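Scroll down for the structure; my scribbles are underneath it.
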Amino acid sequence: MEEYVYYNNLYDCYYKLLTDKQKKYFEDYYFSNLSLGEIAENYNVSRNAVYKQIQITINKLKEYEEKLQLFEKKTILENVINSINDKKIIEDLTKVL
């Protein structure tokens, strides 16, 4: 389950760097909870093609995070914000996110 949430968080950070096909397959699988077979049927491709594309997408998301570390930085910033008591600073930092 943690892995599932992690991939969704990475997707939120990097989805604009993915192709339309990668976005569709990922969203159908992780957001709409469709099976590989259902996705394959919807796009008239093989189940294996869908599986490979989802794996490629996951690997790209991991690679982007490894290089850019946007999700890690966002998490650190959220933790800092949660530890601050000054409302004005919290509002300003929240805008950055």
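It should be emphasised that the depicted structure is a prediction, and the values quoted were computed from it without experimental measurement.
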(message) Which residues pass the side-chain contact (heavy atoms from CB on, under 4.5 Å) test with S35, not counting sequence neighbours?
(response) E38
(message) Let me confirm one number: the CD1-NZ distance from I81 to K74, rounded to the nearest 0.5 Å.
(response) 10.0 Å
(message) Taking side chain to side chain donor-acceptor pair (under 3.5 Å) as the definition, give me every residue that meets it alongside E41, ordered by chain and number, with sequence neighbours left out.
(response) none
(message) Just to verify, what does E2 make a side-chain contact (heavy atoms from CB on, under 4.5 Å) with, not counting sequence neighbours?
(response) none
(request) Name all pairs fulfilling the side chain to side chain donor-acceptor pair (under 3.5 Å) condition that reach into residues 43-52, sequence neighbours left out, sorted by first residue then second. (result) D28-Y43
(request) Carefully, step by step, assess K95 and E91 under the rule salt bridge (Lys or Arg N to Asp or Glu O under 4.0 Å). (result) CA-CA 6 Å; K95 289 177 186 174; E91 287 175 13; 5.6 Å; no
(request) Can you sort out the partners of E27 under salt bridge (charged side-chain N to carboxylate O under 4.0 Å, His left out), two or more places apart, ordered by chain and number? (result) none
(request) May I ask you to decide whether E66 forms a salt bridge with K62, counting only side-chain N to carboxylate O separations under 4.0 Å? (result) no
(message) Are Y4 and Y30 an aromatic pair, judged by ring center distance below 6.0 Å?
(response) yes
(request) With sequence neighbours excluded, tell me which residues meet salt bridge (charged side-chain N to carboxylate O under 4.0 Å, His left out) with K87. (result) none
(message) With rounding to the nearest 0.5 angstrom, report the OH to OH distance, Y29 to Y7.
(response) 10.5 Å
(request) Show your working on side-chain contact (heavy atoms from CB on, under 4.5 Å) between I54 and L36 and close with a plain yes or no. (result) CA-CA 9 Å; I54 290 173; L36 296 175; 3.7 Å; yes
(message) To the closest 0.5 Å, what do you measure between CG (N82) and CG (L77)?
(response) 9.5 Å
(message) For S83, give me all partners under side-chain contact (heavy atoms from CB on, under 4.5 Å), at least two apart in sequence or on another chain.
(response) none
Identify each donor-acceptor pair in which a side-chain atom of residues 13-26 lies under 3.5 Å from a protein atom, sequence neighbours left out, and give them as a table.
{"from": "Y14", "atom 1": "OH", "to": "E65", "atom 2": "OE1", "distance (Å)": "2.6"}
{"from": "Y14", "atom 1": "OH", "to": "L70", "atom 2": "N", "distance (Å)": "3.0"}
{"from": "T19", "atom 1": "OG1", "to": "Q22", "atom 2": "N", "distance (Å)": "3.1"}
{"from": "T19", "atom 1": "OG1", "to": "Q22", "atom 2": "OE1", "distance (Å)": "3.3"}
{"from": "Q22", "atom 1": "OE1", "to": "T19", "atom 2": "N", "distance (Å)": "2.9"}
{"from": "Q22", "atom 1": "NE2", "to": "Q53", "atom 2": "OE1", "distance (Å)": "3.3"}

(message) Assigning hydrophobic clusters by single linkage (Ile, Leu, Val, Met, Phe, Trp, Tyr; side-chain heavy-atom cutoff under 4.5 Å), is I56 placed with L61?
(response) no
